Amino acid sequence: MSRMEDGPLTRADDERIERLVRSMTWDEKLAQMQVVFRPDPAELERWVRAGAGAIFWPRSAAAVNELQRVAIEQTRLGIPLLVGLDVIHGQRTIAPTPLAMAASFDPDIVERTARLAALEAASGGVNWTFSPMIDVSRDPRWGRAVESFGEDPYLNAALGAAMIRGYQGDNLHDPGSIAATAKHFAGYGHAEGGRDYNTADMSEHRLRNVYLEPFRAATSAGVAAVMAAFNTIGGKPVHAHRRLLTGVLKDEWGMRGVIVGDADGVANLVPHGVAADLLDAVRQSVQAGLDIEMGGNLTDDGGHAVLAPGDLPADRVDDAVRRILTLKSRLGLFDRPYVPEGAEITEPTRHARALVRAAAIRSTVLLKNDGTLPVTLNGRVLLTGPYATSTDHLGAWTQSFAAPAGSIAAELIGRHPQVTFTIEPGAGFYDDDPADLRAVETAAASHDLVLVFAGEPSHLSGEAASRSDLRLPGRQEELIRAVAATGVPFVVVLVNGRPLVTSGWIDAAPAVLEAWHLGTEAPAAIVDVLTGAAEPAGRLPMSFPRSTGQVPIYYSHEATGRPATRGGTMRQETIDIGLAGPDNVTEKYTSKYLDLELGPQFDFGHGGGYTTFRHANARLSADRLSCAALDSGARVEVSVDVSNTGGRDGDEVVQLYVRDLVSSVAQPVRRMVAFARRHVAAGQTITVSFKLGTEQLGFWDVDANPARFVVEPGTFALYIGSSLHATHELAFEVG
Ligand code: GLC
């Protein structure tokens, strides 16, 4: 049972909704089916007076109350407003980006930071956020990967549901709760070439088993709204895709909330070439199942509908209005439309800062470490790279009113006054930035340690920010190589939105910390981890490619009919195909690149901390279950003992992967079905256990009509461990 189903809707609520639907005019119904953004306050007020059902946040509790008063006192029916905003990873106090928080593999911290964001946003009158973004992202060229929880459907599903719980709380009525929106439904992350807004075409098999799964979980978690994606699937733009919007979301999954369009997504049907004009676009999208159009294209600013009754099915319009009014009822807007202006939170509290600092620490990932980390800061330390002094830590999708971050240099200097710090930027973010590598080389020679802070500025990821080259921008790679050549001990800290190609320098770096864009408390968290006051224990939520040419690359790939066991060579290979039968396929004729080693630079799930762990005694409570037992809900338990064998406490992230060895369709070589982040004291041993049943073993069979979730009999390989390949393998039989 999803939370939305058991919301506090009363008979009186239902009666009010039906009374309103019966009494609303055609113009009032279509006006209600819009969320409008108008930066000019007078223009926005005009839209509200004309009956718009929803607006973008007007930037303060007072402004919200003023516009709610117009909606309630100066319109015929006095229907209160939905007030929406992109509260993606914080409102005033900024948490790490969603991709960074995905690295924490910690649903609890995701839920708590979402709750904080909701409390801050709701205090200002926001009652609806366009978040979480749960588009599976397997192409780091796509800038919006930073808004997602990465390449894995299960990680997106688990963390998306956690974010929804955080935003919506136990009850949408609660003053600190806001309606969540799962977006962008669906397949947006599959954009060809990683180019934003591009075609995303895929098989039904992949759509069902990869891109829809996080949205199915979000629907089960009771998400209040779902946002349609900009892209086409199978040539049909999602904003006009009735089979997906109505057939799957509403009919098959029973989603009772609202489907909202993306910004001008309806109007975009015209350049897509599927609508002759805006009226045709509106007609197609509403008929497909869209309930709220984002842009204000259903009426003019006087509230006059652009389509006449009869141009749209009346029952479809009534269904949309009913859904909107139901959401407003569940939010308590009819009873409590105004917010206490004196309670508006405009600055981070100490608690808020502590929470996002903890989230930032838990999101850091140790890519490699020869023991240089954690550093002991004394003597003379050289700080170089653009992120030594940059304060651009908030990441994509933060608004101008967010609490800023300081710089890492200032944090270091402030916390370690006994150390002599020298700052020599060396290079900027852009090719034409001034660069002085010589100055860095000279300075390094007289210092005990060099800390290189490299990365991407926030605006190079997020919406409309795809990159064709995934290396560090500007001359930062040269800078790192120049530092390496000095022979002075050094550490690289990456501050970036998306996975990067590091092959140009990674082998020369003794220790590399992935620090992402960590939000308002980024510098404090980074210094905590660098100095060992805290440990990095995150895991990569997306693979880091060896080269851009390797993209898309993701761990849960099919084996192919010719899996390679090693990388290729550019030299001519001698081929001995003397043997008959399957053995005659030499290594040459296998799936790989001639100019690249196999696999990514760093795998999904890669990471570690400052202590060491041993996994032992991997075991199953039963090594077989019948299909009938599975169907009846039977599950087995998979367990492993985890010992902290290092000298300090630490967190371990245990992951469970499955592989269906023989199936009616080619299955991924690994598929994560469970994970758990656990704190283990030095010298302590704990047991970590997971349940294994239909949900973990099954897949969507799209050859069935309708598609059905099935578990096929046969042997499954189970992999339990601390990363994709550091696992114990167990065999499990179904049937
Ligand atoms: C943008 C984004 C969407 C966002 C919306 C409102 O274009 O695609 O994620 O919620 O517009 O800002």
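Ligands are counted one by one from 1 in listed order, and the atoms in each one are counted from 1 as well. This one's a predicted model, so the numbers in the text were calculated from it and none came from an experiment. FYI, the numbering just counts along the sequence from 1.
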With heavy atoms of Phe130 as the reference, note each atom of ligand 1 found under 4.0 Å away.
-> 10 (O)

Atom 6 (C) of ligand 1: which protein heavy atom is closest, and how many Å away?
-> Asp86 OD2, 3.2 Å

For atom 3 (C) of ligand 1, what's the nearest protein heavy atom and its distance?
-> Asp262 OD1, 3.3 Å

Any salt bridge between Glu213 and Arg208, counting N to O under 4.0 Å?
-> no

Which one holds for Met227 and ligand 1: side chain close, backbone close, both close, or neither close, with close meaning a heavy atom under 4.0 Å?
-> side chain

Using a distance-only test with no angle check, is there a side-chain donor-acceptor pair under 3.5 angstrom linking Arg92 and Ser123?
-> no

Which atoms of ligand 1 are found less than 4.0 Å from any heavy atom of Ala263?
-> 7 (O), 11 (O)

Has the side chain of Arg242 got a donor or acceptor atom that lies under 3.5 Å from a matching backbone atom of Gln287?
-> yes

Does the ring of Tyr338 carry Arg69 above it, NZ/CZ under 6.0 angstrom from centre and within 45° of its axis?
-> yes

Is a donor on one side and an acceptor on the other found under 3.5 Å between the side chain of Ser177 and the backbone of His173?
-> no

Decide whether the shortest distance between a heavy atom of Glu147 and an atom of ligand 1 is less than 4.0 Å.
-> no

Numbering the atoms of ligand 1 from 1, which are under 4.0 Å from a heavy atom of Lys183?
-> 3 (C), 4 (C), 9 (O), 10 (O)

Quick note on ligand 1: atoms under 4.0 Å from a heavy atom of Phe56 include exactly 6 (C), 12 (O)

Answer yes if the ring centres of Trp142 and Tyr188 are under 6.0 angstrom apart, and no otherwise.
-> yes

Proximal atoms of ligand 1 relative to Glu463 (non-hydrogen, under 4.0 Å) | 1 (C), 2 (C), 7 (O), 8 (O)

Any atoms of ligand 1 less than 4.0 Å from a non-hydrogen atom of Phe230? List them with their elements.
-> 7 (O), 8 (O)

Between His184 and ligand 1, which part of the residue brings a heavy atom under 4.0 Å of the ligand: side chain, backbone, both or neither?
-> side chain

For ligand 1, note which part of Trp397 has a heavy atom under 4.0 Å away: side chain, backbone, both or neither.
-> side chain

Compute the ring centroids of Tyr387 and Phe429, then answer whether they are less than 6.0 Å apart.
-> yes

Do we get Arg539 above Phe105's six-membered ring, with its NZ or CZ under 6.0 Å from the centre and within 45° of the axis?
-> no

Taking atom CD of Glu66 as the centre, report whether more than 12 heavy atoms of other residues, nucleotides or ligands fall under 6.0 Å from it.
-> no

Please work out whether any backbone atom (N, CA, C, O) or any side-chain heavy atom from C-beta onward of Phe37 is under 4.0 Å from ligand 1, and answer side chain, backbone, both or neither.
-> neither

